[in-house]
Every structure is written in structure tokens, then in C-alpha cells.
Student: 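Provided herewith is a single structure, encoded as C-alpha cells, for subsequent inquiry.
Count residues from 1 along the sequence.
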Amino acid sequence: MIRIIDNKIYCRQDKELLVIEPWGPNSLRIRATQNHTFNRDEETSALLPAMASSPELKTDGKSATIVNGKIRCELMVTGKIKFYNQKGELLLEEFDRNRFRENVEGEFNSALEISPRTFTPIMGTENYKLTVRFEPNDGEKIYGMGQYQQPYMDMKGCVVELAHRNSQASIPFALSNKGYGMLWNNPAIGSVTFGKNLTEWTALSTRQMDYWITVGDTPAEIEEAYADATGKVPMMPDYGCGFWQCKLRYQTQEELLEVAREYKRRGLPISVIVADYFHWPHQGDWKFDKDYWPDPKAMVEELESMGIKLMVSIWPTVDSESENYKEMEELGYLSRNDFGKRMYQLGDAAVFDPTNPDARKFVWDKIKKNYYDDGIRIFWLDEAEPEFTNYEYSNHRFYLGSDLEIGNVFPREYARMAYEGMEEAGQENIVNLLRCAWAGSQKYGALVWSGDIDSSFRSLRSQLAAGLNMGLAGIPWWTTDIGGFHGGNIYDEDFKEVLVRWFEFGAFCPVFRLHGFREPFKEPLGTTGGGKSISGAENEVWSYGDEVYGICKKYLELREKMLPYVKRLMTEAHEKGTPVMRPLFYDFPEDGKCWETEDEYMFGPEILVAPILYEKQRERTLYLPEGEWRSLNDGSVYKGGCMITCDAPIDAIPVFVKKGCLEELTF
């Protein structure tokens, strides 16, 4: 039975209730459930309220169509769904292999009895394991989906876990070269297979199917529609565009200040410096240990006088010895385990529940009193997956539901905790650093970094793919630990090469940030509170010898020259959702070669970057799209539309600027 009510198509077919509705220009939202009604679950949905549109709907009671701008959806008499663009080209259709449905002329008949949408009940609950299947498209390429530690930008042929881990951020928005984008609007733990023979989305525990699809003539049009539907980043503050100095970990207030002073003595650009984790008496105290950080307000004031902002690490963990633990436990502000102890892997600590609005307010009030009121305006919201021991997703439960059902919203609600508190305090242009994100995190000022990654060229190659796909997944603010996090010895010549090539790449990332857990390690300063954690070796640009220092200084000064351009890119991200770094095809969608190129990228519309991703490499071949391009390294002008080979000495990666643009950028 099909009815049209309030510009929506409703279909009831035995146990299933399906609705197809316009959700912004050129876009549709599709939901299905085997419960009596749809969830009132907008708290977990990634979608903002629908923007106005003017759809055309038709039905004969058995089948229906809806046309909304450039997208047309056909609901067949069998219950199968197809999507077309304004040219009549089939973009996506469900995978239906069931001969017992009503026959439709021209449709494939199969005895396999595989339905497009399968709800497998979880006995004793209103939840189901959900599987949704689509036909594959020959020649299709799939981009976006967030951050995965693999070197592949094109996700076609990949099996993708829909779950967060340290260095993995699942953001289920897929951009297709066929001209559509699809958001799997479901925060459940699951997976998607972009197979050669089948595309299959799975949610392990959910009450309904929910996805959003949009059609556009260019990747930019699709990305902007997605940003309109899920939110855009605030305006990046000016200091966010400069250089961020960080290491694991400055052990005292004086050590951090002396590093900042040395940057100023050397005349080096620096805009942010970071106080990393375990500066607190206990996890969950959310305050400095005054034995090692005696006067945070004075520290902030001295840094401000040098034009430097202080960012402070915040963890969601609450140690059983914390002054806040008992109260939070009694109030139900901690996440729970369904089996065994609820403690987290680092010490005897639980994780606070950011899906609970009262818990968010409680934690923000502590942060405001102990950090914000001393002048700190940037927070490093670490452990944002969160990093539960062994990622036992079936064992954890939150205010909004089980981890299996809603767990992927954790990083978004964690970012929301700080953002809404800062906004209420009157702050504008909010940015906070997180190790994870979900769809919609961007609207809460989330700058995502790629986690605790290996210090190697292999890892660097994966970060390039991760950064580009994060931008396409709606997260334009992205960064990495320059040099990687694990395993870099500051006296190792091979690691110095990794660091240099990463630093050169980092200068052309949305945020330019040096971090890492360098070797050899330093011993703890004490046995309690903020003194009991070890530290890594020095990680300032002068820590690696004169040659490395000279190269880093060169790129620090280049980034400083680029600041007006970077700010312009941040304005586009804020206003339209435009990725700051993006694949070549974003700016050259008609050039087929750009869709094949995965080891170069555009830093905004006028700069092409070809990073060096392999050890001992001193030249590389690359593709220049149509136009004329000026080499930033030697000023030579090249005609585009072809492959070229150019030098890449240790002190320079190939970078090209559109001729006639950014003439002030030179070495």
C-alpha cells in the first residue's frame, strides 16, 4: 500500500514501513523499519532539519516516483528502489534477487531469494541486524568514508568497518564518480563492502534503515549539498592557520614556556603550543597538577604576550581515585559495561558518557572552572573513539543506547560538550582537536588528527589517503602528527628523512602541527599525579640537527607567507563545506586522469602538491592538469595536461602554483 502524505511517499508492505522524502535540493532521505513507527532518534541522526525544496510525486497505489531537483527515485511494485539523475541515467539501484515478488517487465528474475533490505531480529528487543544491498556499478569509484589506515583513496573493492578505533574514524559518506553522494545515517557498529559483485551495508543493532542521497553535476556540488545537510565548520581563527608545536609530553610549566621562548628567540613562526596528557593529578580531575604547573593563568598570559595560544589535553576518562568519580558514578554520568568491570585500559578509570546532556554539562563545568577561566581557549579532546580495551563494542552501553546501536556518535557528542560550553561562554570561531569524528562533528568545531600512527614512509602514504577522504567525508579541518607518533628516534638518520618529508607535506595540510612520542624516552619526574608519566625526547624543529632545522625553517616561513591564502580556504570551508585539501578531480572533474591520480592533491584551487612518499626518493613523476603551472621550487613554468618528471631534493617536495596566482609565494 503506497500513499503520498505531506510530500512524502509512504509504503506499507506487510512488516515493513518505508518512507521516501525530500531532504534539501537534489536530495532524498530514505527510511525503513519493521517496527510500527519510525524512531524519534534525531539525537543520533547526522542530518540537520531539511532545507526547502519543491518535489514532484506520483503514485498509482502500487508504485511511485519522486523527483526533487536533479534526483529521481522510483519505488517499484516489488518494493525495490532505483535512483536516477536529471539526465535519466541510472545511478544506484537496490540488489533484489527474489522471484516471488510481483514480476515487472524488464526486471531480472532470480531464484536466490535475496531481498534488498533484510531485518534480522535480535530476540527480545526492538532492534535488528540490518543489511541493505545495492547493485554494483562497473567503473565506479568511491571516495570519502572517513579515515582508514590504508593507502587507498578509492574505496571500491574495499571492506570498510563502520566503527572507530585509534587512528580510524568512520564517517559513512560515500562520494561516487557516477555523480551522487550517499550518507549512511546510522551510528551503529557495522560494515560496508564496496564489492565488485555487490555493495552491502550492515548495522549490527538498529531499529531502522536510514540513509540520505544527493545528486550533483560535480564533486563540489555534491560536497556542498552534504555540508548543507549535516553542518559546516565554524570560521577557523587566525591562529589555527599557523604552526602548532607539540610533543608527548612537556612535563612542567617551565619546560613548555622555555620552548615557546626559544621559538621567539629564533624568530620562528609559532601560533599554538600544547600541554599534553597526564598533566593532571588524576584522570577525570580536569585540572593541572600544581606541583608541576603552579600558575596556569600566568603561563597563558606569558604565551599570549608572545602571540601564542595554549592548547590543553582533555581526556574522557575518570580514574576511581579522581575527586569527581564517586559523584559521576552516582549520577549515572559514566558509560557502563554489560559484563564485568567498566574500567578503561589505562589505569583504573571509566569513560564519561557524552551522549548524556547532563554529563556533558558536568564535565564542561569542571573544564571551565579549571582551564577556561584561566584563559585557555583551545582543547585537545583526546581518546575520542573512545579507546576501550580490545574495542569490545558489544560490552558497552551509553545514555542513548548500546555501543552496538549508537556508539559511532561518541566523538561527535564529545566535541559537542566543549563546543556548546565555549559557545555559551561567548566564544566565537571555536576549534578543538579530536582523534575521531562522525558525520556532523564538523559543526562542533572538530579538527581531527589521524591518531597514534607509525613513524614511517608506509604510514605517511596512508595519511595522504586519509586526509583526502576525510575532506570528502565532510571534515575539512584535518591534520597529522608530523613524523608520525610511534617509533621515531631523534638521532636516527632514516627517521630524520621521514620527519623532513612529513614536515614538507604538513606545511600543505589544513593545520600544520608537529607532534610525536620521540625516542629516547625521558624518565618520570615523580611518582604521583602529573609527575608519574614518562616523556618523549625533544621534538622541536631544532632537535634534529642543522640540516633538518634549515629545511623546517624554510617551510615554516613558507607557511607564514601562505597565511592569507590559507585563511581564504578556511572561509570557503566555513561558508560552503569545501575541503581545504582535496583530490585533483575536485577542481578538474572533467579530466579523467585526475580521477586516476591518488598520490597528488590540491591545496585549495591554486596549489598542486606532490608529496614525496618513499625513502631515498629524489625525483618523481607527476600529472599536471590543464593550464600553466609554476614550480614553487625553481620558478619554471610547465604546460599542463601531461605527465612530467621533476627533481625532489631532500629540502623540497614538488609544488606547483597556477600561473598568475600567488606570485608572492617563492622560496
Side-chain angles (χ1 to χ4, degrees), residues 234 236-266 268-281 285-315 363-364 366-383 415 417-419 421-423 425-435 445-447 449 477 479 481-482 511-516 529-531 533 535-536 538-541 556:
M236 175 66 79
D238 287 352
Y239 57 76
C241 301
F243 175 67
W244 300 34
Q245 171 61 44
C246 186
K247 63 164 281 188
L248 190 161
R249 49 187 282 277
Y250 296 121
Q251 293 174 289
T252 68
Q253 175 176 322
E254 183 58 27
E255 181 188 5
L256 183 147
L257 283 171
E258 185 53 33
V259 168
R261 294 168 190 145
E262 182 63 20
Y263 268 93
K264 288 301 174 180
R265 282 193 287 265
R266 292 172 180 259
L268 297 173
I270 177 174
S271 60
V272 177
I273 195 166
V274 184
D276 201 350
Y277 72 3
F278 286 84
H279 61 261
W280 43 71
D285 286 346
W286 295 298
K287 65 182 182 182
F288 282 105
D289 184 334
K290 293 299 181 70
D291 288 342
Y292 302 94
W293 306 83
D295 195 341
K297 187 173 183 179
M299 173 174 55
V300 170
E301 289 173 351
E302 181 176 346
L303 291 170
E304 290 280 353
S305 72
M306 294 186 279
I308 302 171
K309 296 289 183 183
L310 176 66
M311 181 168 70
V312 173
S313 174
I314 300 290
W315 277 30
V363 172
W364 170 252
K366 301 298 179 182
I367 293 169
K368 183 177 186 302
K369 176 183 176 182
N370 297 320
Y371 296 118
Y372 197 87
D373 288 350
D374 283 338
I376 295 163
R377 294 294 181 267
I378 323 174
F379 297 101
W380 179 356
L381 305 177
D382 206 343
E383 293 292 325
M417 177 273 297
Y419 181 88
M422 297 161 82
E423 187 177 49
Q427 186 171 339
E428 298 178 346
N429 301 338
I430 296 167
V431 54
N432 291 311
L433 182 67
L434 288 96
R435 200 171 67 187
L447 159 63
W449 98 97
W477 293 354
T479 185
D481 293 351
I482 288 177
V511 167
F512 185 21
R513 171 180 156 274
L514 181 60
H515 184 56
S533 182
S535 169
E538 288 76 9
N539 190 46
E540 293 72 49
V541 294
L556 283 170

Student: Evaluate the side-chain proximity of Met417 to Ile367: yes if any heavy-atom separation is below 4.5 Å, no if none is.
Tutor: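 Yes; the side chains approach each other to less than 4.5 Å.
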Student: Hey, which of Trp380, Trp244, Trp477 is the one that makes ring pair (Phe, Tyr, Trp, His ring centres under 6.0 Å) with Trp449?
Tutor: Trp380
Student: Would you check if the side chain of Arg265 reaches a backbone N or O of Ala260 as a donor-acceptor pair within less than 3.5 Å?
Tutor: no
Student: Working to the nearest 0.5 angstrom, can you tell me the gap between Leu248 CG and Ser533 OG?
Tutor: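 Rounded to the nearest 0.5 Å, the CG-OG separation comes to 6.5 Å.
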Student: Rounded to the nearest 0.5 Å, what's the gap from CH2 on Trp286 to CG on Asn370? Could you check?
Tutor: 10.5 Å
Student: List in chain and number order the residues that pass salt bridge (Lys or Arg N to Asp or Glu O under 4.0 Å) with Asp373, two or more places apart in sequence or in another chain; answer none if no residue qualifies.
Tutor: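 With sequence neighbours excluded, Asp373 shows a salt bridge (Lys or Arg N to Asp or Glu O under 4.0 Å) to Lys368, given in chain and number order.
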Student: Please check: side-chain N/O of Asn432 versus main-chain N/O of Ala415, any donor-acceptor pairing under 3.5 Å?
Tutor: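 Such a contact is absent between Asn432 side chain and Ala415 backbone.
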Student: Which is it for Leu256 and Leu303 under the side-chain contact (heavy atoms from CB on, under 4.5 Å) test, yes or no, and what are the steps along the way?
Tutor: CA-CA 10 Å; Leu256 183 147; Leu303 291 170; 4.0 Å; yes
Student: With a 3.5 Å cut-off and no angle check, do the side chains of Gln427 and Tyr372 form a donor-acceptor pair?
Tutor: yes
Student: Locate the shortest heavy-atom distance separating Met236 from Cys241; write the atom from each residue and the value.
Tutor: CG-SG, 4.0 Å
Student: Apply side-chain contact (heavy atoms from CB on, under 4.5 Å) to the pair Leu433 and Ile378, showing each step before the final yes or no.
Tutor: CA-CA 8 Å; Leu433 182 67; Ile378 323 174; over 6 Å; no
Student: Does Glu383 pair with Arg435 as a salt bridge, N-O distance under 4.0 Å?
Tutor: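 Yes, Glu383 and Arg435 are salt-bridged.
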Student: Roughly how far, to the nearest 0.5 Å, is SG of Cys246 from CG of Asn539?
Tutor: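 Asn539 CG to Cys246 SG: 8.0 Å, rounded to 0.5 Å.
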Student: Between Arg513 (side chain) and Ile482 (backbone), is there a donor-acceptor pair under 3.5 Å?
Tutor: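 No; zero donor-acceptor contacts below 3.5 Å.
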Student: Looking only at heavy atoms, what is the nearest atom pair of Asp374 and Pro296, with distance?
Tutor: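 It is OD2-CB, 3.9 Å.
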Student: Determine whether a donor-acceptor pair (N or O, by modelled atom type, separation under 3.5 Å) exists between the side chain of Gln245 and the backbone of Val274.
Tutor: no
Student: For residues Glu540 and Tyr263, determine if any side-chain heavy atom of one lies less than 4.5 Å from a side-chain heavy atom of the other.
Tutor: yes
Student: To the nearest 0.5 Å, what is the distance between CD1 on Ile270 and NZ on Lys309?
Tutor: 13.5 Å
Student: If you measure from CG on Asp285 to CH2 on Trp315, what distance do you get to the nearest 0.5 Å?
Tutor: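 Spacing of CG (Asp285) from CH2 (Trp315) equals 14.0 Å.
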Student: Counting distance only, does the side-chain N/O of Ser271 pair as donor-acceptor with the main-chain N or O of Tyr239 below 3.5 Å?
Tutor: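 Side chain of Ser271 to backbone of Tyr239: a pair is present.
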Student: Would you sort out whether Ile273 and Met311 count as a side-chain contact (heavy atoms from CB on, under 4.5 Å), showing the intermediate values?
Tutor: CA-CA 6 Å; Ile273 195 166; Met311 181 168 70; over 6 Å; no
Student: Taking the six-membered ring for Trp, are Phe288 and His279 parallel (under 30°), tilted (30 to 60°) or perpendicular (over 60°)?
Tutor: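 Tilted: the ring planes of Phe288 and His279 meet at 30° to 60°.
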Student: Would you say Glu255 and Tyr292 are linked by a side-chain donor-acceptor pair, where the criterion is simply a distance under 3.5 Å?
Tutor: no
Student: Please determine whether side-chain contact (heavy atoms from CB on, under 4.5 Å) holds for the pair Leu310 and Arg377, giving the CA-CA distance in whole Å, both sets of side-chain angles, and the decisive distance to 0.1 Å.
Tutor: CA-CA 7 Å; Leu310 176 66; Arg377 294 294 181 267; over 6 Å; no
Student: Identify the two heavy atoms, one from Pro234 and one from Ile430, that lie closest to each other, and give their separation to 0.1 Å.
Tutor: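 It is CG-O, 3.6 Å.
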Student: Looking at CG of Leu447 and CG of Leu434, how far apart are the two atoms once the value is rounded to the nearest 0.5 Å?
Tutor: 8.0 Å
Student: For the pair Ser535 (side chain) and Tyr250 (backbone), establish whether a donor and an acceptor sit closer than 3.5 Å, ignoring hydrogens and angles.
Tutor: no
Student: Considering residues at least two apart in sequence or located in another chain, which fulfil the salt bridge (Lys or Arg N to Asp or Glu O under 4.0 Å) criterion with Arg261?
Tutor: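 Applying salt bridge (Lys or Arg N to Asp or Glu O under 4.0 Å) to Arg261 gives Glu254, Glu258, Glu302.
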Student: Parallel, tilted or perpendicular: which describes the rings of Tyr277 and Trp280, with under 30° parallel and over 60° perpendicular?
Tutor: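 Tyr277 vs Trp280 ring planes: perpendicular.
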Student: Take atom NZ in Lys264; do more than 12 heavy atoms of anything else shown fall under 6.0 Å from it?
Tutor: yes
Student: Under a 3.5 Å distance rule, please check whether Asp289 uses its side chain to pair with a backbone N or O of Gly530 as donor and acceptor.
Tutor: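 Checked: pair present.
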Student: Does a side-chain heavy-atom distance below 4.5 Å link Asp276 with His515?
Tutor: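 Yes, at least one pair of side-chain atoms sits under 4.5 Å.
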